[in-house]
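To keep things clear, I will list the structure first and then write my remarks on it.
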Amino acid sequence: MSRSASEFRLEQQFQRRTFVFAGFAALVFAILVIQLGTLQLLHGAENRKMAKRFVSRQEFTVAPRGLLLDRTLEPGNPLVKNLITTDFVIFPSRFRDRDQGLAFVHDFCKIMGRDFAQYADSFEPTTWKLLVRRNESITLLSRMSTAEHERLGELRMVTEYGSFLTNHIRYYTMGPAAAHITGYIGLPSRSELDKGRALPYQMLGKGGIESRYDSDLRGTDGVRVRHRFLDEEEQLAESEQGNNVVLSIDRKVQSAAYMALKKSGRRGAAIAMRPATGEVLALVSYPSFDPNILASGSSDQRSKHNKIVQDYEGFLNIAIQAKFPPGSTFKPLVAIAALENAQENHTSPETSFYCSGTWLLPSSLAGVPPARFNCWNSGHGTNSMIGAIAQSCTVYFYQLGYKIGPNAMIHFSRAMGLDKKTGIDLPGEIAGFVPDQRWKQITWSSRWYDGDTVNLAIGQGFLEVTPIELAVLYSAMVNKGKIYRPYLVKEIRDPVSNRPLRRIRPDLMHEVPMAQSSVDIALEGMRAVVSRGTAQNLNRPDYPPIAGKTGTVQTRSHRQAANHAWFAGWAPYDAPVEQQVVVVVFVEYGMGGSAAAAPIAGEILDAAVPDWTPNVRPSIKGQESMRPNPAGPADPLPAPAPGEKKQ
């Protein structure tokens, strides 16, 4: 049957429309396939994470921090380690309703002997609904004990409604004894959050090595997601422990220093270091604080401890953050300054002055009488340089300082870095202060007087040093003028393989040119301090041969023991510099260096040099041997007058 022309045209239009529609449908389908492929294949992982974020809550598992080890590298006895603790939490979303949750927690409180009031806020209807919607938890027990684990077993359906979560807390094995070295950890402050140093949930280093090496110690946090509607969770990334940090500290020496300083009952600081490298073996400041309370105690415990520590300024690291006049410990450097300028000021080791107990400083102003300067002793007679160092004769150094003038003393003080930070790897170090004529004119609108010079010569007046600066000075004198930066961190190690990732090498910062003959006079004088001088209490057969200098600093305090006490020295005197240890002790209001500071230094050096082999060091021609005399001091000092003290 033939079709009409109109029917044919209609059929053609229908076919065209069918083809267009089919083409359009195919195009749309192709676009959908391409888009689906893009979403699934190219961006599948990213989109899965986005989908999980929509229906899940992301949580972080805090990485355990790296360990702090002492120089012995004993893995079983670190300075700072992590303890694993267990918390018990319940999830409101796992209960049929709030009443069932209340019944469970009331049973829990009866069995565990807890007061329901501490959990009541979480069971407010509004709070409960929010916890259910977000699938968040309520912590019922923190840091569970073994006994709590056993009692919790009496509660039915514990794991159905709750979970056991493991956490890490920081444990400082030496507690207050090494607190100023280790520091502690705590939640970040607002300013630290603003600076991007940490996220709100992370623990941050607060002071000490924990702060200085926080990025090495912190590690990488893990990530897990918890489903908002279903009771499921998935670990997306495991946490990675932070790197271990190996310190130069010797645990035994550190402990001896802390106990000796604590036993004195006075504020102070003690430092032991290797002069040949700058390695710090011990660094103590007393009073101290307990880093375990501050890092892992309850809020109430932390608040109370914080107040106590702040009341007695226990956070102040006296070893690097406080400065005082060095007193007589400065005299050996004055002797070196005089000998290094011998031709100009006509001095030598044999330069002698007489001490009658007082000395009159000639006046530089007409009509003004001479000023009287007293020695600490009633009179030392005539002394050469070594004898004056041994007896700490103040009158001798008044006259020596007056003879050489201030410039040489100022030059060597600054060359030895007494006006600069040492660069030790602890936060908060301050610099000492070395005065000069220009400073006094600007600050006091006054010229430099001869009285300023003679005060400088005995380490008094405007001169101030930190204990760590004095340790560097004595290390330089022992090590032929070589000044090494003191440091505490030796290595950064991988926590898994224990492979060293970074080693810190000794850093020779500066070398002060000095004639060895000048230094030898000062060194022998300091050995004489112990063998026959103001620190004879250290001349013991059970101690290694010690050399050093006592110091007593006058203050304006009216208390009975008004003077600060110093001792700076080293041992073994006869050993190569690589085997020697320099010790500096400062005792605030300790009365005198020989009575308060020297005994502490002796205990530290005894711990730092437990084994030593005597090796007689040759004496300078014309001087007696500086080895200990078993029969007692060869040349006892005159007995102090009543009320006087040794320096």
Side-chain angles (χ1 to χ4, degrees), residues 177-181 208 248-249 253-254 256-258 260-262 264 266-275 278-288 313-333 413 416-434 459-460 463-478 483-488 548-553 555 563-570 581-590 593 596-605 608:
H180 290 96
I181 294 174
S248 60
I249 292 297
V253 182
Q254 180 74 17
Y258 180 76
L261 196 57
K262 182 180 179 181
S264 75
R266 298 184 182 276
R267 296 170 60 85
I271 300 165
M273 64 181 287
R274 294 277 186 194
E279 294 172 89
V280 177
L281 303 181
L283 188 147
V284 172
S285 179
Y286 186 83
S288 186
E313 297 182 297
F315 289 119
L316 179 70
N317 188 344
I318 298 173
I320 67 169
Q321 295 175 331
K323 54 187 177 182
F324 311 89
S328 295
T329 61
F330 186 67
K331 291 173 181 175
L333 185 61
S413 298
M416 291 293 189
L418 297 186
D419 61 339
K420 306 175 187 70
K421 296 178 184 179
T422 65
I424 188 171
D425 46 348
L426 283 176
E429 183 188 10
I430 66 170
F433 178 70
V434 177
Q460 293 270 180
L463 178 67
E464 291 181 316
V465 302
T466 63
I468 189 66
E469 286 176 331
L470 197 62
V472 170
L473 166 62
Y474 272 67
S475 295
M477 288 193 290
V478 170
I483 298 178
Y484 282 89
R485 180 182 65 83
Y487 66 98
L488 287 158
K549 186 70 192 74
T550 54
T552 302
V553 180
T555 71
N563 299 328
H564 300 324
W566 286 97
F567 181 84
W570 73 98
V581 176
V582 166
V583 165
V584 167
V585 175
F586 171 79
V587 181
E588 192 176 73
Y589 301 118
I600 296 172
E603 292 187 42
I604 298 171
L605 286 168

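Please read these numbers as outputs of a predicted model, since none were measured by experiment.
In this structure, M416 and A476 approach most closely via the heavy-atom pair SD-CB, 3.7 Å. Counting all heavy atoms, side chain and backbone alike, V583 lies closest to A272 at CG2-CB, 3.9 Å. Between R274 and V581, the closest heavy-atom pair is NH1-CG2, 3.6 Å. A565 and A596 get closest at one heavy-atom pair: CB-CB, 3.9 Å. The shortest non-hydrogen separation linking Y484 to P275 is CD1-O, 3.8 Å. A pairwise comparison of heavy atoms in L463 and P326 identifies CD2-CG, 3.6 Å as the closest pair.
Residues forming a salt bridge (charged side-chain N to carboxylate O under 4.0 Å, His left out) with D419 (at least two apart in sequence, or on another chain): R414. Taking P287 as the reference, R267, Y312 meet the side chain to side chain contact (heavy atoms under 4.5 Å, CB included) condition, with sequence neighbours excluded. Annotation: salt bridge (charged side-chain N to carboxylate O under 4.0 Å, His left out) contacts of E603 (sequence neighbours excluded): K263. For H564, the ring pair (Phe, Tyr, Trp, His ring centres under 6.0 Å) partners are F324, F586, Y589, not counting sequence neighbours. For V472, the side chain to side chain contact (heavy atoms under 4.5 Å, CB included) test picks out T422, I483, P486, with sequence neighbours left out. With sequence neighbours excluded, the residues forming a side chain to side chain contact (heavy atoms under 4.5 Å, CB included) with A257 are A270, A282, V284, I604, listed by chain and number. Qualifying side chain to side chain contact (heavy atoms under 4.5 Å, CB included) partners for A269, counting only residues two or more places apart in sequence or in other chains: I318, A319, P467. Evaluation of the side-chain hydrogen bond (donor to acceptor under 3.5 Å, both in side chains) rule for S248 yields no partner, not counting sequence neighbours.
Distance CG/L418 to CG/L333: 7.0 Å, rounded to 0.5 Å. Rounding to the nearest 0.5 angstrom, the gap separating the CG atom in L283 from the CD1 atom in I181 is 5.0 Å. One distance of note links CH2 of W570 with CE of M273; it measures 14.0 Å at 0.5 Å rounding. In this structure, the separation between CD1 on I271 and CD on E469 is 10.0 Å, given to the nearest 0.5 Å.
For K262, the NZ atom is loosely surrounded, since the number of other residues' heavy atoms within 6.0 Å does not exceed 12.
With contacts defined as side-chain heavy-atom distances shorter than 4.5 Å, the pair S264/I600 qualifies. Looking at heavy atoms from C-beta onward, K421 lies in side-chain contact with E429 at the 4.5 angstrom threshold. A heavy-atom distance below 4.5 Å is found between the side chains of Y474 and P332.
A donor-acceptor pair under 3.5 Å is absent between the side-chain atoms of E464 and the main chain of G432, judged by distance alone. Judged purely by atom type and a 3.5 angstrom limit, H180 has no side-chain atom pairing as donor or acceptor with the backbone of I320. Here the side chain of T329 pairs no donor or acceptor atom with the backbone of K549 at under 3.5 angstrom. Q254 places no side-chain N or O within 3.5 Å of a backbone atom of I249 that could act as its donor or acceptor partner. Under the 3.5 Å distance criterion, the side-chain polar atoms of Q321 are matched with a main-chain donor or acceptor of N317. D425 places a side-chain N or O within donor-acceptor distance of the main-chain N or O of L488, the cut-off being under 3.5 Å. W566 places a side-chain N or O within 3.5 Å of a backbone atom of P325 that can act as its donor or acceptor partner. Side chain of R485 to backbone of G423: a donor-acceptor contact under 3.5 angstrom is found.
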Show, in sequence, the C-alpha distance, side-chain angles and deciding distance for S288 and Y258, and conclude whether the side-chain contact (heavy atoms from CB on, under 4.5 Å) test is met.
CA-CA 10 Å; S288 186; Y258 180 76; 4.3 Å; yes
